[in-house]
Amino acid sequence: MTIVATNFPGFTAHSFRFFEELARNNQKAWFDANRARYDQHVLGTFRGLLEALAPGLLKLNPHFEIGGKTDGNFSRINRDIRFSKDKTPYKSNYYLYFYDGRHHRDHGGRLYVGLSADCVTAGFSIYESWRGPKGTLETVLRKRLVSHHEIFADLLARVVRARRYETYWHRQDKGQWGQHSGLPRREADWQTLQAWVVRKVFLPNARGLATSAFSGVIERIFADLYPLVIFTSVVTPGWEAQLRQALK
């Protein structure tokens, strides 16, 4: 398979239109007929973005994964329908992730860019581990919320609130996966949440979105939010010094 784009062109109308039409034609025959569009305007666009962002991301953390593999930096477009009531074969979104390559992508906090028919999102996310060993949400974040409460409160004030990032969190309650807007208000919610997301949202008509310069916007967002990765996921003894440096 040949990917057309190697440079990042921005998120153009072609990228959004692909997902708009996929929503109306979510079947293998349509996807096969439109695979060249997917390769160029989705996968190719994201590969170009990875190349544009990689040098700056490695300055933040030399251990960030930049290999460009599916199920690594890139999400899958194919859905796993084996245990799902929804049997449509393709997902309605696509993601690029940056995470510590010494661990599985789901192990700790990560930086991401997502595309759907409605918007582009860029931000930070951390999820509870669903399989295998516990991740840093369970082993690091929950403990530091108690042991380093003041540092975390300052981090929220300086990054999330002051820079007006949208945030929400997830938890399974009574067997239902629920999404809650804003920050948890109770300590008990922080200790029991199973996912936390901090992000910026860009609608298709956002200024500069369809230009190569938009990679610089994402790079600045990642620089803003990298301290959250440090607090939630870095376990080396010098993590506090790293956090202070990242906040300068």
Side-chain angles (χ1 to χ4, degrees), residues 49-69 72-74 95-114 121-129 132-170 183-184 187 189-191 193-200 215-248:
L49 181 58
L50 170 61
E51 292 180 13
L53 293 174
L57 268 293
L58 291 177
K59 290 180 180 179
L60 290 178
N61 186 337
H63 299 296
F64 269 136
E65 176 62 44
I66 59 167
K69 295 181 180 180
N73 288 115
F74 299 116
Y95 288 93
L96 165 63
Y97 298 101
F98 289 98
Y99 60 98
D100 190 323
R102 295 170 296 182
H103 303 283
H104 188 273
R105 187 176 73 192
D106 297 334
H107 176 74
R110 58 201 184 187
L111 302 171
Y112 77 91
V113 182
T121 60
F124 158 88
S125 65
I126 187 169
Y127 285 78
E128 186 175 276
S129 296
K134 292 182 178 180
T136 64
L137 186 150
E138 301 103 304
T139 62
V140 177
L141 175 57
R142 289 177 181 168
K143 293 179 180 179
R144 284 184 183 163
L145 288 171
V146 177
S147 63
H148 296 79
H149 177 77
E150 292 184 359
I151 291 178
F152 187 62
D154 179 66
L155 191 57
L156 293 180
R158 294 174 62 179
V159 175
V160 180
R161 294 191 180 96
R163 297 170 189 175
R164 297 185 178 181
Y165 279 93
E166 175 184 295
T167 183
Y168 61 90
W169 54 283
H170 293 281
L183 292 165
E187 291 298 324
D189 290 331
W190 277 113
Q191 289 296 328
L193 61 75
Q194 294 170 286
W196 180 35
V197 178
V198 182
R199 67 180 188 173
K200 292 284 189 181
S215 65
V217 175
I218 296 173
E219 189 169 351
R220 289 191 292 274
I221 290 171
F222 285 176
D224 278 352
L225 299 181
Y226 180 59
L228 298 179
V229 176
I230 297 173
F231 186 88
T232 64
S233 305
V234 174
V235 297
T236 53
W239 71 269
E240 290 183 69
Q242 291 183 47
L243 182 59
R244 288 193 294 271
Q245 181 64 33
L247 287 169
K248 287 184 177 179

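Remember, predicted model here, so these are calculated numbers, not experimental data. Count residues from 1 along the sequence.
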Closest contact, heavy atoms only, V198 versus T167: CG2-OG1, 3.7 Å

Do any N or O atoms from the side chain of T136 and from the backbone of T232 form a donor-acceptor pair under 3.5 angstrom? yes

CG of L111 to CG of L228, rounded to nearest 0.5 Å, is 8.5 Å

Nearest heavy atoms of Y226 and A246, plus distance in Å: CD2-CB, 4.3 Å

Show the nearest heavy-atom pair for residues R105 and R110, with the distance to one decimal. O-NH1, 3.6 Å

V197 side chain reached by Y127 side chain, heavy atoms, under 4.5 Å: yes

F231 backbone acceptor or donor facing R144 side chain under 3.5 Å: yes

Closest heavy-atom pair and its distance - S215, L53: O-CD2, 3.4 Å

Decide ring-ring contact (aromatic ring centres under 6.0 Å, His included) for F64 and F222; before the verdict, give the C-alpha distance in whole Å, the side-chain angles of both, and the deciding distance to 0.1 Å. CA-CA 12 Å; F64 269 136; F222 285 176; 8.2 Å; no

Only distances under 3.5 Å count here; give the side-chain donor-acceptor pairs of residues 153-161 to other protein atoms, sequence neighbours excluded, each with its distance to 0.1 Å.
from: D154; atom 1: OD2; to: R158; atom 2: NH1; distance (Å): 3.4
from: R158; atom 1: NH2; to: L247; atom 2: O; distance (Å): 3.3

Once rounded to the nearest 0.5 Å, what's the spacing between atom CD1 of I126 and atom OG of S233? 4.0 Å

Ring geometry between H170 and Y168 (parallel below 30°, tilted from 30 to 60°, perpendicular above 60°): perpendicular

Given side chains that start at C-beta, do those of L145 and Q191 come closer than 4.5 Å, heavy atoms only? yes

My understanding is that only one of E240, R244, Q242 makes a side-chain contact (heavy atoms from CB on, under 4.5 Å) with I230; could you say which? Q242

For H148, does its backbone N or O pair with a side-chain atom of K143 as donor and acceptor, under 3.5 Å? no

I want to know whether H149 and W190 have ring centres closer than 6.0 Å. no

Locate the shortest heavy-atom distance separating G68 from N73; write the atom from each residue and the value. N-OD1, 2.7 Å

Keeping E128 on the side-chain end and A195 on the backbone end, is there a donor-acceptor pair under 3.5 Å? no

Shortest non-hydrogen pair, S129 vs K134, comes out as OG-C, 3.7 Å

Using atom types as modelled and distance alone, determine if a side-chain donor or acceptor of E138 lies under 3.5 Å from a backbone N or O of G135. yes

Can you measure from CZ (F124) to OH (Y112) and round to the nearest 0.5 angstrom? 10.5 Å

Out of the candidates L58, L50, V229, only one should pair with F98 under the side-chain contact (heavy atoms from CB on, under 4.5 Å) rule; please name it. L50

E166 backbone acceptor or donor facing R199 side chain under 3.5 Å: no

Atom CZ of F74 and atom CG of L49: how far apart are they, to the nearest 0.5 Å? 8.0 Å

How long is the gap from NZ on K200 to CD1 on I221, to the nearest 0.5 Å? 7.0 Å

Minimum side-chain heavy-atom gap L193-L137 below 4.5 Å: yes

